[in-house]
Amino acid sequence: MDRRLFLRRLLAASSALYLGCGEGGPGDHGGADAGPDAEGLAGFDDAQGFDDAQGFADAGPLPDAGLGCPGLFDDASFEAVVPFTGERDLQFHTLVNPGWDGRLYTDLALLDADDLITPTACFYVRTRFPDRLDLAARLPWRITVDGLVTAPTSLALDDLLPLARPMGTHVMECSGNSRGAHFGLMSAASFTGVPLRDVLDAVPRRPEATFVELTGFDDHSVPSANNHSTPGASWIFRLDQLDRAFLATGMNGEPLPLDHGFPVRLLVPGWYGCTCIKWLERLTFHDDAVPASSQMIEFASRTHQDGTPALARDFRPAAMHQAALPVRVERWRTASGPVFRVVGVLWGGSRPTDALTIRFGADEPFVPVATCPPMVGNETWTLFEHRWAPAAPGDYVIRCAIDDPGVPTQRLDAGYYDRTLTV
Ligand SMILES: Nc1nc2c(c(=O)[nH]1)N[C@H]1C(S)=C(S)[C@@H](COP(=O)(O)O)O[C@H]1N2
Ligand SMILES: [Mo]
């Protein structure tokens, strides 16, 4: 079967909701509370049930975007997607759990060259729209400005909205993204918003105000199970760390959905999601003696801090190191036997790299991987593909690395993004 048609069917099987993803509407609050142990995807683990194209006639022509490197699979025909080994079934694209524990996992296995923007309804959610946020009482939305300012004030969001403009496509990743989530706490969207510096610069403040804390609404009626998530949503930045940050008011051409921070959220390009405060309601200026916030303490280890610093100024930037992750393995047939196509994404880091390598098992050497087209920026993810022919059946742990000592890759090198393939 055609590879793209197969992906379409996989997509249809993964969740009926996915077919609504293109609508770009807000998340469905009535989603079944499937929980982390939800039954997974029938038919995901092999090609059965996808063996012909019948019933899919209205999908229309499926031009192959020519993923990756020309000619790499010209001698081969697509057979099936092979699931990763040891990853439990998971319900994708469905909101599960209440409040702080609210999650929606993006199915990264569906990524393809012409689908690198996540439809809004499939964009991962970490923490649902707070049921205690009474929008009827709070609109028109205002952002309180206080701390080391010459006079406390507040900003009307309605005054900022006319300044909103396209801010580009950005990948976001939850610092708690994990194999248990099939790494689905990661998505990319195009955003509109207002550069934060423009907002901050307009606030008259005291000379010692070198830090700013951004606080979001963070009260839910249902507590987080096992205190997994602590109340309080704020991050404190040194002002110069916010040069590229913006206040997002729109996503994929629509107003920000409720679950993603409506009416306004922070987006810090290149930093983990925990810094991207949703339902932003306060800007507080501080001097350099300000203690770390509860959110910073909660996320200290997940953002690669050295212990848990007491002061905000001792936190490292919560930047995503350069990372790479296989998202899908396809089996293809050739005259000389099966070959595997590993498709993955490359993201994070502070400058584009062409030094991606991959290995299949700790005893094997890392070999270069071509990214076609090459990585051009760090704001969003870049697709890669690799052709591999196993020497023998077995379990293979796939790991990527960046062959450039100048590029920090802490998580990658710790095996965080390892995935196992059984052939
Ligand atoms: N107010 C508030 N903002 C928040 C959070 C939260 O719990 N409350 N969670 C943070 C975390 S940990 C992540 S990963 C991102 C998730 O954003 P998303 O749900 O739009 O993907 O929001 C961040 N902003
Ligand atoms: Mo997160």
Side-chain angles (χ1 to χ4, degrees), residues 143-153 155 160 163-173 175 191-216 233-249 261 264-278 280-300 302-322 347-352 377-380 406-408 410:
I143 301 170
T144 301
V145 181
D146 61 5
L148 298 175
V149 290
T150 50
T153 179
L155 301 167
L160 298 179
L163 308 175
R165 54 182 169 85
M167 298 303 299
T169 300
H170 298 274
V171 66
M172 282 183 61
E173 185 189 16
S175 60
F191 290 90
T192 45
V194 182
L196 181 58
R197 282 309 294 251
D198 294 352
V199 177
L200 297 178
D201 288 350
V203 176
R205 54 185 189 254
R206 308 235 299 260
E208 64 274 29
T210 48
F211 284 74
V212 67
E213 177 170 16
L214 287 92
T215 305
S234 77
W235 205 273
I236 302 168
F237 302 85
R238 219 176 50 222
L239 289 173
D240 64 282
Q241 294 173 333
L242 292 167
D243 286 347
R244 293 187 303 138
F246 58 93
L247 301 183
T249 53
V264 58
R265 79 171 310 162
L266 175 64
L267 206 136
V268 190
W271 288 37
Y272 282 114
C274 51
T275 65
C276 298
I277 301 301
K278 302 195 274 191
L280 180 72
E281 59 179 8
R282 186 178 293 267
L283 302 175
T284 309
F285 287 91
H286 297 286
D287 62 24
D288 68 357
V290 59
S293 69
S294 63
Q295 170 111 337
M296 295 169 81
I297 291 166
E298 176 182 357
F299 286 94
R302 279 173 263 175
T303 56
H304 317 310
Q305 304 303 325
D306 185 7
T308 308
L311 300 182
R313 69 167 187 238
D314 294 325
F315 269 67
R316 299 177 178 140
M320 297 183 282
H321 283 186
Q322 181 65 59
W347 78 101
S350 54
R351 58 182 166 86
N378 305 83
E379 292 75 26
T380 191
V407 178
Q410 184 173 325

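Just the heavy atoms: all of them, side chains too, but no hydrogens, waters or symmetry mates, feed the values below.
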Task: Side-chain touch L214/L196, heavy atoms, less than 4.5 angstrom - done: yes
- [ ] Report yes if some heavy atom in the side chain of D198 is under 4.5 Å from a heavy atom in the side chain of L163; otherwise report no.
- [x] no
TODO: Considering non-hydrogen atoms only, spot the tightest contact between F285 and L200 and give its length.
DONE: CZ-CD2, 3.8 Å
Open item on the list: Please check this pair: side chain of Q322 against backbone of W347, looking for a donor-acceptor N/O pair closer than 3.5 Å.
Closed with: yes
TODO: With the side chain counted from C-beta on, respond yes when P152 and V145 share a heavy-atom pair under 4.5 Å apart, and no when they do not.
DONE: no
Task: Euclidean distance, T192 OG1 relative to R165 CZ, rounded to 0.5 Å - done: 11.0 Å
- [ ] First locate atom OG1 of T275, then atom CZ of F237, and finally report the distance between them rounded to the nearest 0.5 Å.
- [x] 4.5 Å
Task: Side-chain (Q305) to main-chain (R316) donor-acceptor, under 3.5 angstrom - done: yes
Open item on the list: On a heavy-atom basis, which atom in R205 and which in L239 lie closest, and how many Å separate them?
Closed with: NH2-CD1, 3.7 Å
Open item on the list: Using a 3.5 Å distance criterion without hydrogens, assess whether the side chain of R197 forms a donor-acceptor pair with backbone atoms of L242.
Closed with: no
Task: Reference residue S234; test side-chain hydrogen bond (donor to acceptor under 3.5 Å, both in side chains); the match among R282, E281, E213 - done: E213
- [ ] Mind checking the CD-CD1 spacing from Q295 to I236? Nearest 0.5 Å is all I need.
- [x] 10.5 Å
Task: Worked check of side-chain contact (heavy atoms from CB on, under 4.5 Å) between F315 and Q241 - done: CA-CA 12 Å; F315 269 67; Q241 294 173 333; over 6 Å; no
Task: Member of L266, T215, L247, V199 meeting the side-chain contact (heavy atoms from CB on, under 4.5 Å) criterion with L283 - done: V199
- [ ] Compare every heavy atom of L267 with every heavy atom of P269, then report the nearest pair and how far apart it is.
- [x] CD-O, 3.4 Å
- [ ] Grab the two heavy atoms, one from C274 and one from W235, that are nearest each other, plus how far apart they are.
- [x] O-CE3, 3.8 Å
- [ ] Quick one: closest heavy-atom pair of T284 and H286, and the distance?
- [x] O-CD2, 3.4 Å
- [ ] Please confirm whether the backbone N or O of Y272 pairs with a side-chain atom of S175, one donor and one acceptor, at under 3.5 Å?
- [x] no
- [ ] Give a yes or no on this: more than 12 heavy atoms of other residues, nucleotides or ligands lie within 6.0 Å of atom CG of D306.
- [x] no
TODO: Give, for atom OG1 of T308 and atom CG of D314, the distance between the pair rounded to the nearest 0.5 Å.
DONE: 12.0 Å
- [ ] Specify the closest pair of heavy atoms between W271 and P317, including all atoms of both residues, with the distance to one decimal.
- [x] CZ2-CB, 3.4 Å
Task: Sidechain-backbone polar pair: T380 side chain, T169 backbone, donor-acceptor under 3.5 Å - done: no
Task: Point-to-point distance, once rounded to the nearest 0.5 Å, from CZ of R238 to CG of D288 - done: 10.0 Å
Task: From R313 atom CZ to D287 atom CG, the distance as rounded to the nearest 0.5 Å - done: 9.0 Å
